[in-house]
Amino acid sequence: LKRHIFTVVGRYRGQIQQWDVANEIFNENGEYRQENIFIRELGAGIVADAFRWAHQADPRAQLFLNDYGVDWPGAKVDAYETLATQLLADRVPLHGFASQAHLSMRYGAPDQLAGVLQRFDDLGLYTAITELDVRMDLPAGGVPTAEQLATQASYYKTVLDACLAVDDCNSFTIWGFTDKYSWVRVFFPAEGAATVMWEDFTPKPAYFALRDTLKAARKR
């Protein structure tokens with residue numbers, strides 16, 4: 001693992017702004033994932049080692065914790081806050097916390113995301129949105145309704161508003177931009193239309209929601 005980190009991070013030294021060093025290490029109950037071979041075989045202390053090695057390989061890069069399912073308060077968020085607090089106390093080079101924000105319209109909009117990000121901002125960390133998309137249950141025929149598209153746009157806007165509301169949320173990434181190449185159809189075959197553009201690259205309402213929100217933010 002150390003050799004891998006030095007090889008990859010070292011290759012792009014000075015070229016990458018931020019790395020997700022520890023990704024998806026907690027389950028929904030806030031316990032370490034035992035299917036993670038490094039944690040299972042080497043213990044939870046390997047997380048701190050990974051951050052130290054990544055920092056040695058590129059001292060200028062920002063190093064992040066990253067996970068899905070951290071858009072609302074809960075056990076997983078609590079676990080990351082506890083871990084982040086401990087890593088910082090141990091002077092481990094941790095710089096940020098990120099929400100993937102893979103969302104589904106089967107669940108409510110992430111209206112508490114700003115509060116979650118603020119908890120990590122209060123620790124002195126950068127925050128980020130790293131993998132945003134919003135999938136939905138498709139009607140017969142596979143074409144979303146206008147109402148569904150409007151709701152999807154509101155989800156996208158909610159996430160961007162949350163990032164803009166937190167001082168050091170400085171990175172916002174959507175997970176693909178066209179349904180033509182979306183991962184959703186493979187992993188969630190009953191859902192789809194998760195990105196901001198159709199397969200022919202025509203923008204959806206979600207695209208304009210992000211654009212208009214960013215334009216308004218620049219004027220503030």
Side-chain angles (χ1 to χ4, degrees), residues 5 8-9 12 15-28 30 32-33 36 38-39 44 46-55 57-88 92-104 107 109-135 155-177 183-184 194-196 210 213-214 217:
I5 290 173
V8 176
V9 177
Y12 299 102
Q15 302 178 60
I16 301 295
Q17 180 189 29
Q18 65 188 54
W19 290 98
D20 293 334
V21 175
N23 183 61
E24 301 177 7
I25 59 172
F26 289 119
N27 62 25
E28 305 312 307
Y32 281 104
R33 289 183 177 274
N36 183 310
F38 301 110
I39 290 174
I46 194 63
V47 174
D49 289 337
F51 276 94
R52 293 188 177 103
W53 295 333
H55 184 65
D58 187 353
R60 296 176 58 187
Q62 299 171 8
L63 309 180
F64 275 68
L65 298 163
N66 185 63
D67 212 326
Y68 66 89
V70 292
D71 314 297
W72 293 270
K76 185 184 278 192
V77 171
D78 293 343
Y80 274 111
E81 186 176 23
T82 299
L83 173 62
T85 300
Q86 186 61 57
L87 291 175
L88 293 171
V92 173
L94 166 68
H95 306 116
F97 171 81
S99 167
Q100 294 179 12
H102 288 298
L103 303 176
S104 171
Y107 314 106
D111 55 2
Q112 299 182 64
L113 177 56
V116 170
L117 297 178
Q118 189 62 53
R119 287 166 63 174
F120 294 90
D121 187 271
D122 291 343
L123 295 177
L125 297 175
Y126 296 111
T127 55
I129 305 300
T130 53
E131 305 181 25
L132 173 61
D133 54 16
V134 182
R135 61 190 186 271
Y155 276 49
Y156 270 96
K157 185 179 186 303
T158 296
V159 176
L160 181 53
D161 283 338
C163 184
L164 291 170
V166 177
D167 285 343
D168 284 321
C169 184
N170 299 327
S171 178
F172 187 91
T173 305
I174 56 175
W175 200 240
F177 60 92
W183 70 294
V184 169
T195 70
V196 299
L210 293 180
T213 301
L214 287 171

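Quick caveat: nothing in here was measured; it's all calculated off a predicted structure. Numbering starts at 1 and runs along the sequence shown.
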Distance-minimising heavy-atom pair for Ala194 and Val184: CB-CG2, 3.7 Å
Phe97 to Phe64 - nearest heavy-atom pair and separation: N-CD2, 3.4 Å
Asn36 side chain vs Ile39 backbone, donor-acceptor pair below 3.5 Å: yes
Intermediate values then yes/no, side-chain contact (heavy atoms from CB on, under 4.5 Å), Gln86 and Thr82: CA-CA 6 Å; Gln86 186 61 57; Thr82 299; 5.7 Å; no
Distance-only donor-acceptor check, side chains Asp133 and Trp183, under 3.5 Å: yes
Student check: side-chain heavy atoms of Leu125 and Leu65 closer than 4.5 Å: no
Close side-chain approach of Leu132 and Leu103, heavy atoms under 4.5 Å: yes
For the student: nearest non-hydrogen atoms of Glu28 and Ala75, plus distance: O-CB, 3.7 Å
Rounded distance (nearest 0.5 Å) linking atom CG of Leu63 with atom CZ of Arg52: 12.0 Å
Using a 3.5 Å cut-off and no angle test, enumerate the donor-acceptor pairs between side-chain atoms of residues 157-171 and protein atoms at least two apart in sequence or in another chain.
unit_1 : atom_1 : unit_2 : atom_2 : d
Lys157 : NZ     : Asp161 : OD2    : 2.7
Thr158 : OG1    : Ser154 : O      : 2.8

Arg119/Asp78 ion pair, N-O < 4.0 Å: yes
Side chain proximity check, Trp53 to Ile46, heavy atoms < 4.5 angstrom: yes
Any side-chain heavy-atom pair of Ile174 and Tyr156 under 4.5 Å: yes
Test item: His102 side-chain N/O and Glu131 main-chain N/O as donor-acceptor pair under 3.5 Å: yes
Ring geometry between Phe26 and Tyr32 (parallel below 30°, tilted from 30 to 60°, perpendicular above 60°): tilted
Validation row: His55, Trp19 side chains within 4.5 angstrom (heavy atoms): no
Residue pair Arg33 / Ile25, side-chain heavy-atom distance below 4.5 Å: no
Heavy-atom pair with the smallest gap, counting every atom of Ile129 and Gln100: CG2-O, 4.4 Å
Least distance between heavy atoms, Lys76 atom then Val70 atom: CD-CG1, 3.4 Å
Donor on one side chain, acceptor on other, Asp71 and Ser99, under 3.5 Å: yes
Passing candidate, side chain to side chain contact (heavy atoms under 4.5 Å, CB included) with Thr127, options Leu117, Leu113, Val116: Leu117
Side chain to side chain donor-acceptor pair (under 3.5 Å) partner of Thr130, chosen from Asn66, Asp20, Thr173: Asn66
Minimum side-chain heavy-atom gap Val21-Leu94 below 4.5 Å: no
OG1-CZ distance between Thr195 and Arg135, expressed to the nearest 0.5 angstrom: 13.5 Å
Any Trp72 side-chain heavy atom under 4.5 Å of Val77 side chain: no
